[in-house]
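Report on the following structure.
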Number of protein chains: 2
Amino acid sequence: MDLSERQLQILQAVINDYVQNAEPVGSRSISKKYGLGVSPATIRNEMADLEEMGYLTHPHTSAGRIPSDKAYRLYVNNLMEKRSLSPQEQESITARLQADRDEFNATIRHAAELLSEITHLASFAMTPAINQDTLNFVKLLPVDERTVIMMIVAESGNINNTTLRVNVPYTAETLELISKTMTVHYKGRTIDEVLKDAIIEDIGTDIEAMNLFRGNVRPSFVRTLEDMLNVNLYMEGLTNIFSIPEYSSIDKARDFIELFTKKEEFARKMLSRGDGVIVTIGEENSDTMKDCSLITATYHVDGKLVGKIGVIGPTRMKYDEVTSIMEYLTNNLSESFRLGDGKDNK
Amino acid sequence: MDLSERQLQILQAVINDYVQNAEPVGSRSISKKYGLGVSPATIRNEMADLEEMGYLTHPHTSAGRIPSDKAYRLYVNNLMEKRSLSPQEQESITARLQADRDEFNATIRHAAELLSEITHLASFAMTPAINQDTLNFVKLLPVDERTVIMMIVAESGNINNTTLRVNVPYTAETLELISKTMTVHYKGRTIDEVLKDAIIEDIGTDIEAMNLFRGNVRPSFVRTLEDMLNVNLYMEGLTNIFSIPEYSSIDKARDFIELFTKKEEFARKMLSRGDGVIVTIGEENSDTMKDCSLITATYHVDGKLVGKIGVIGPTRMKYDEVTSIMEYLTNNLSESFRLGDGKDNK
DNA sequence: GTTAGCACTCACTTCATTAGAGTGCTAATT
DNA sequence: AATTAGCACTCTAATGAAGTGAGTGCTAAC
């Protein structure tokens with residue numbers, strides 16, 4: 001049951017008009033503004049058909065048509081064309097992102113800011129999830145009688161230091177022993193894996209090492225790994241949505257804000273999305289977001305670790321523009337984070 | 001020009017009623033509900049006087065009275081009585097806060113959550129500002145040929161580790177030399193002071209030490225100190241305000257949310273407030289908050305460092321309840337963070 | 001297959017009316 | 001001199017009727 005060429009044109013016209021004006025589109029205005037060369041009556045007939053097929057709806061009998069989620073889906077998949085960014089846009093993105101390339105987290109945050117400024121929507125950006133990162137080595141360094149530093153280094157180059165305050169005396173050899181044993185045990189395993197079922201209880205037969213390990217090293221190790229798993233999530237442009245007609249009622253606005261308030265939950269959801277630019281529209285989303293569209297895209301760090309940025313807005317949004325911007329932005333980010341560029345993921 | 005006993009009673013009645021119902025209070029309802037033993041007419045006369053003195057206002061001629069900021073100020077200073085918390089409230093606070101006493105940041109965050117849950121207002125909590133904390137020592141630890149850990153220890157016990165990747169070979173003696181020199185130089189100074197005008201350029205005459213210091217140690221040291229200055233700010237209960245009549249218009253709600261979006265600016269403002277429980281009402285606040293009341297309170301870590309929690313809501317709020325809760329909560333926090341209790345401010 | 005024409009629907013605006021809450025003033029009461 | 005009853009007056013909010021206009025759906029003609 002394919003759509004005719006003319007039906008596609010009409011559908012596109014309705015979408016364009018509605019996206020711009022946020023008001024139901026009538027047959028007359030389509031016939032006038034978009035030069036299809038047919039009368040309003042003909043368009044009415046076609047629109048009635050499109051409605052029957054589920055691409056358009058009616059708020060009430062005497063109102064114009066608005067696109068359904070299905071229509072947006074068709075538009076995103078087949079109709080829309082990639083927009084190329086204006087030189088100014090390109091430049092402003094490149095400039096803002098390169099400005100502090102050596103500060104990883106700050107850059108990610110800027111990306112989110114930038115995204116919400118350009119799109120006038122709510123946006124977010126997250127640092128890469130490193131639960132699939134593998135450990136390289138663990139090293140304990142003596143500081144003084146009561147203090148030891150534990151250094152955990154991952155394959156990706158990600159490093160984490162923690163200070164342990166120990167309450168028993170120790171020797172350099174003991175630290176060495178524990179470091180070696182842990183490294184042998186954990187090297188090459190992912191953090192996820194280690195946390196789930198590979199935390200060792202024993203460290204050998206040396207009683208001194210054993211005490212230190214059980215009393216101080218092991219608990220700190222677990223806590224630090226858990227800490228490393230947390231991605232940073234930056235959200236921006238929340239208040240943009242107040243100027244969007246869809247959220248002019250307090251209840252809608254509240255629901256939206258609430259979404260953004262539950263950071264952990266939100267981060268979890270976003271992490272489970274696939275790679276590349278992904279658009280989910282209205283009811284394709286989980287229930288809490290069924291009136292929104294969500295667009296996410298992924299960037300790469302050292303061509304390997306994967307971080308995400310995203311935009312949330314009403315289903316009525318400029319999909320072509322937003323997806324193009326996000327593609328450009330993520331390419332740019334990945335470029336900035338190519339091997340060796342002052343990655344400093346603390 | 002003092003207020004008569006009866007005027008105070010009437011004022012209090014108006015405040016109580018208005019705080020509860022969010023609607024202008026008429027003379028009749030006061031005479032009925034609050035047993036003052038006088039007729040509505042008398043109350044009307046008194047209210048007219050109170051209005052003249054600036055304690056009450058009129059939305060329009062045929063409406064009841066509502067309290068002005070001045071009235072709330074009088075109430076907070078002289079009229080309100082400290083509310084004692086119910087055993088359940090006390091218990092729920094104590095339980096929730098002690099639950100993870102060993103995780104400093106998590107506890108602070110819980111405090112904010114708790115506060116917004118109990119008061120049904122927007123709340124925040126910040127970790128202590130440590131810009132007045134003084135440095136104790138700096139230590140560089142060798143890891144491998146290209147890696148060094150820099151450990152910065154403050155008097156308060158606050159410790160910060162950073163990994164440096166060096167691109168020149170170094171010896172243990174060099175590290176020792178730099179550590180010593182820096183410690184001698186910085187010990188006893190506050191972080192603020194060091195950042196402002198005490199960053200040294202030279203480290204002595206040793207050329208190897210000099211290179212390492214200038215190329216790697218110094219920049220990281222500065223960045224780390226700056227990083228240590230940032231307080232963590234947790235905000236909770238933002239969406240509570242959507243159920244408050246004062247914020248039922250989108251514009252008001254937007255302004256409010258915007259306040260909370262600019263975290264850095266907000267943190268700075270809050271840091272400059274004094275100690276103890278402080279209430280600022282309506283126009284006593286800066287322009288962006290002139291329709292709100294803000295209540296902050298301070299807790300102590302090791303009886304020394306000072307952190308803040310706070311609540312923001314409409315000027316129409318239960319000042320007695322909120323201040324009592326905050327006092328209890330901060331006492332409890334300070335208690336939890338007394339010397340030696342697993343402080344782990346990472 | 002397309003279009004003109006027309007009756008019909010429905011939301012939105014405007015205007016007038018009404019009800020009710022509450023004040024402010026005056027004159028009577030204590 | 002303070003209090004109160006009484007009453008006219010003000011203003012908002014709610015209700016409803018009438019008109020407006022955008023837009024549809026259907027029919028019959030092209």
Side-chain angles (χ1 to χ4, degrees), chain A residues 2-11 13-18 20-68 71 245-246 248-249, chain B residues 2-11 13-18 20-68 71 245-246 248-249:
Chain A
D2 266 357
L3 298 180
S4 72
E5 187 58 31
R6 193 170 64 189
Q7 283 175 325
L8 287 176
Q9 284 177 337
I10 293 175
L11 192 58
V14 173
I15 290 175
N16 285 347
D17 206 273
Y18 185 67
Q20 196 161 50
N21 305 315
E23 255 157 42
V25 190
S27 54
R28 213 179 105 86
S29 70
I30 286 191
S31 143
K32 252 189 167 175
K33 282 195 247 174
Y34 305 81
L36 299 189
V38 287
S39 78
T42 310
I43 292 178
R44 275 206 287 285
N45 287 332
E46 297 283 31
M47 292 208 298
D49 289 350
L50 285 168
E51 179 160 0
E52 210 173 325
M53 291 186 273
Y55 290 105
L56 295 177
T57 27
H58 242 176
H60 56 85
T61 359
S62 72
R65 299 311 211 286
I66 61 176
S68 66
E246 271 86 342
S248 63
S249 105
Chain B
D2 266 355
L3 297 180
S4 72
E5 187 59 30
R6 193 169 64 189
Q7 284 175 324
L8 287 176
Q9 284 176 340
I10 291 175
L11 192 57
V14 173
I15 292 175
N16 285 347
D17 206 272
Y18 185 67
Q20 195 160 53
N21 305 315
E23 255 156 43
V25 189
S27 55
R28 215 180 103 86
S29 69
I30 287 191
S31 142
K32 252 190 167 173
K33 282 195 246 171
Y34 306 81
L36 300 188
V38 287
S39 76
T42 310
I43 291 177
R44 275 205 288 286
N45 287 331
E46 297 283 32
M47 292 208 297
D49 289 349
L50 284 169
E51 179 161 2
E52 210 173 327
M53 290 186 273
Y55 291 106
L56 296 177
T57 29
H58 241 176
H60 57 85
T61 1
S62 71
R65 300 310 211 288
I66 61 177
S68 66
E246 272 86 344
S248 63
S249 106

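Chain A is the first sequence line, chain B the second, and so forth, proteins listed ahead of strands; every chain is numbered from 1. Predicted model only: the values in this text are computed from it and were never measured.
Each of B:H60 and B:V38 was matched to the nucleotide of DNA chain D holding its nearest heavy atom; the match closer to the 5' end belongs to B:V38.
Partners of A:S248 by side chain to side chain contact (heavy atoms under 4.5 Å, CB included), not counting sequence neighbours: none found. With sequence neighbours left out, A:T61 forms a side chain to side chain contact (heavy atoms under 4.5 Å, CB included) with no residue at all. By the side chain to side chain contact (heavy atoms under 4.5 Å, CB included) test, B:S249 pairs with B:D251, B:K252, sequence neighbours left out. The salt bridge (charged side-chain N to carboxylate O under 4.0 Å, His left out) search around B:R28 returns none, not counting sequence neighbours.
If you measure from atom CG of A:L36 to atom C1' of C:dG1, you get 16 Å, rounded to the nearest angstrom. Computed from coordinates, the B:D49 CG to D:dA2 P distance equals 11 Å when rounded to whole Å. Separating the CD atom of A:E46 from the P atom of C:dT3 is a distance of 11 Å, rounded to the nearest angstrom.
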Only distances under 3.5 Å count here; give the side-chain donor-acceptor pairs of residues 20-27 of chain A to other protein atoms, sequence neighbours excluded, each with its distance to 0.1 Å.
unit_1: A:N21; atom_1: ND2; unit_2: A:D17; atom_2: O; d: 3.4
unit_1: A:N21; atom_1: ND2; unit_2: A:D17; atom_2: OD1; d: 3.1
unit_1: A:S27; atom_1: OG; unit_2: A:R44; atom_2: NH1; d: 3.1

Q: Treat primed atoms plus P, OP1 and OP2 as sugar-phosphate and everything else as base, then score nucleotides 19-30 of chain C 5' to 3': B for base contact with protein heavy atoms under 4.0 Å, S for sugar-phosphate contact only, - for none.
A: --BSBB------
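Checking the phosphate oxygens (OP1, OP2) of D:dT4, a side-chain nitrogen or oxygen of B:T42 falls inside 4.0 Å.
Counting heavy-atom neighbours within 6.0 Å of B:K33 NZ, excluding the residue itself, gives a total above 12.
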